[in-house]
Peer 1: 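Quick one: structure below, then a few questions.
What's counted below: heavy atoms across the whole structure, side chains too, no hydrogens, waters or symmetry copies. First the proteins, then the strands, lettered A, B, ... as listed; each starts at 1. Values in this document were obtained by computation on a predicted structure and should not be read as measured data.
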Amino acid sequence: MVHARILETEAYGGGDDPASHAFRGPTPRCAVMFGPAGFLYVYRSYGVHWCMNVVTESTGTASAVLLRAAEIYSLPVDGAARDTKSLLLSGPGNLTRGLGITGTDNGQDCCEESTGRVSFQESRVDVGAVRVGCSKRIGLSRGQERLSRYFLEGYPALARNRSRVTKKSTES
DNA sequence: ACATGGATCGCCT
DNA sequence: GGCGATCCATGTA
């Protein structure tokens with residue numbers, strides 16, 4: 001069993017979000033985004049990579065959170081605080097490659113009744129001690145202005161933190 | 001039918 | 001900072 005801690009995500013909406021696959025309504029590819037929360041939406045990117053999302057809103061409302069970076073451990077995350085060995089999976093393509101996620105995982109329940117290879121659970125880390133940064137999403141041709149990318153502070157190896165905006169208004 | 005281009009990455013200069 | 005790899009959903013005819 002592999003354990004991973006999510007470090008970086010991006011939020012995508014539906015008809016209100018021109019950067020979302022669901023912008024123009026359901027298609028065979030993005031149908032899962034219109035389903036219930038807690039299911040995986042996996043798609044092929046640039047013909048090369050797999051990208052992994054978790055659906056977040058109820059049936060009929062398209063939404064998903066793209067997982068962009070994670071840290072994987074051979075132990076549960078709280079144990080890993082002592083065993084500092086971890087592997088950084090930075091970038092959505094690297095993340096799916098490192099976890100072995102492919103198109104065959106698309107549409108799986110990964111929360112309530114996870115039957116597949118992926119399941120999520122509440123973090124055992126002290127969430128109160130974690131600082132979350134926010135920025136524009138990366139690599140878009142539409143909807144670039146939204147500040148819907150979230151990442152843990154203190155991980156410089158994450159995707160370039162350009163256009164960065166944090167809670168401190170003094171930062172540029 | 002066919003053309004297009006993207007929620008990317010790694011390697012090149 | 002630029003480019004090639006490589007697939008397929010989508011738009012247009």
Peer 1: Indicate, with a heavy-atom threshold strictly under 4.0 Å, whether A:Arg146 touches base, sugar-phosphate, or nothing.
Peer 2: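 Nothing, no nucleic acid heavy atom in range.
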
Peer 1: Given side chains that start at C-beta, do those of A:Leu40 and A:Val32 come closer than 4.5 Å, heavy atoms only?
Peer 2: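 No - every pair of side-chain heavy atoms lies 4.5 Å or more apart.
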
Peer 1: Kindly indicate whether the side chain of A:Leu7, heavy atoms from C-beta on, has any atom under 4.5 Å from the side chain of A:Leu88.
Peer 2: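 Side chain of A:Leu7 against side chain of A:Leu88, heavy atoms only: contact under 4.5 Å found.
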
Peer 1: Under 3.5 Å between N/O atoms: give me all the protein pairs with nucleotides 11-13 of chain C, atom names plus distance.
Peer 2:
none

Peer 1: Tell me: CZ of A:Arg142 to C1' of B:dG5, nearest whole Å?
Peer 2: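 Result: 10 Å.
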
Peer 1: Would you mind reading off the distance between A:Asn94 atom CG and B:dC9 atom P, rounded to a whole angstrom?
Peer 2: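 Atom CG in A:Asn94 sits about 6 Å away from atom P in B:dC9.
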
Peer 1: Side-chain contact test, heavy atoms from C-beta onward, threshold under 4.5 Å: evaluate it for A:Glu10 versus A:Tyr150 and give yes or no.
Peer 2: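 Of all side-chain heavy-atom pairs linking A:Tyr150 with A:Glu10, none is under 4.5 Å.
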
Peer 1: Using whole Å, report how far CG of A:Leu67 lies from P of B:dT8.
Peer 2: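 To the nearest whole Å, that distance equals 14 Å.
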
Peer 1: Map every base of DNA chain B to its dot-bracket character, where paired means a Watson-Crick or G-U wobble contact with both distances under 3.5 Å and | marks a partner outside the strand.
Peer 2: ||||||.|||||.

Peer 1: Using the C1' atoms only, state how far C:dC8 lies from B:dG10, rounded to an integer number of Å.
Peer 2: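 Looking at atom C1' only, B:dG10 and C:dC8 are 22 Å apart.
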
Peer 1: A:Glu8 CD to B:dT8 C1': how many Å, rounded?
Peer 2: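 Going from CD in A:Glu8 over to C1' in B:dT8 covers 13 Å.
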
Peer 1: With respect to the phosphate group of C:dT10, does any side-chain polar atom (N or O) of A:Arg44 fall under 4.0 Å of OP1 or OP2?
Peer 2: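 Checking A:Arg44 against C:dT10: no side-chain N or O falls below 4.0 Å of OP1 or OP2.
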
Peer 1: Set out, line by line, the N/O atom pairs under 3.5 Å between protein and nucleotides 3-6 of chain C.
Peer 2:
from: C:dT6; atom 1: O2; to: A:Tyr46; atom 2: O; distance (Å): 2.8

Peer 1: Without decimals, in angstroms, what is the distance between A:Trp50 CH2 and C:dC8 P?
Peer 2: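 One finds 7 Å between P of C:dC8 and CH2 of A:Trp50, rounded.
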
Peer 1: Nearest-Å distance, CD1 (A:Ile138) to C1' (B:dC9)?
Peer 2: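 It is 13 Å, rounded to the nearest whole Å.
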
Peer 1: Please report, rounded to the nearest Å, how far the P atom of B:dA7 is from the CE atom of A:Met33.
Peer 2: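 In whole Å, B:dA7 P and A:Met33 CE are 12 Å from each other.
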
Peer 1: Round to a whole Å and report the spacing from CG of A:Asp17 to C1' of B:dG6.
Peer 2: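 The answer, rounded to whole Å, is 15 Å.
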
Peer 1: Are A:Arg137 and A:Tyr12 in a cation-pi contact, defined as NZ or CZ under 6.0 Å from the six-membered ring centre and within 45° of the axis?
Peer 2: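 Geometry flag: set, cation within 6.0 Å and 45°.
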
Peer 1: Taking only the side-chain nitrogens and oxygens of A:Arg68, find out if one of them lies under 4.0 Å from OP1 or OP2 of B:dT8.
Peer 2: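 Result: yes.
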
Peer 1: Would a 4.5 Å heavy-atom cut-off, applied to side chains only, mark A:Leu99 and A:Arg117 as touching?
Peer 2: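 A:Leu99 vs A:Arg117: side chains apart.
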
Peer 1: So, do A:Trp50 and A:Val42 sit near enough that their side-chain heavy atoms are less than 4.5 Å apart?
Peer 2: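 Touching, per the 4.5 Å side-chain cut-off.
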
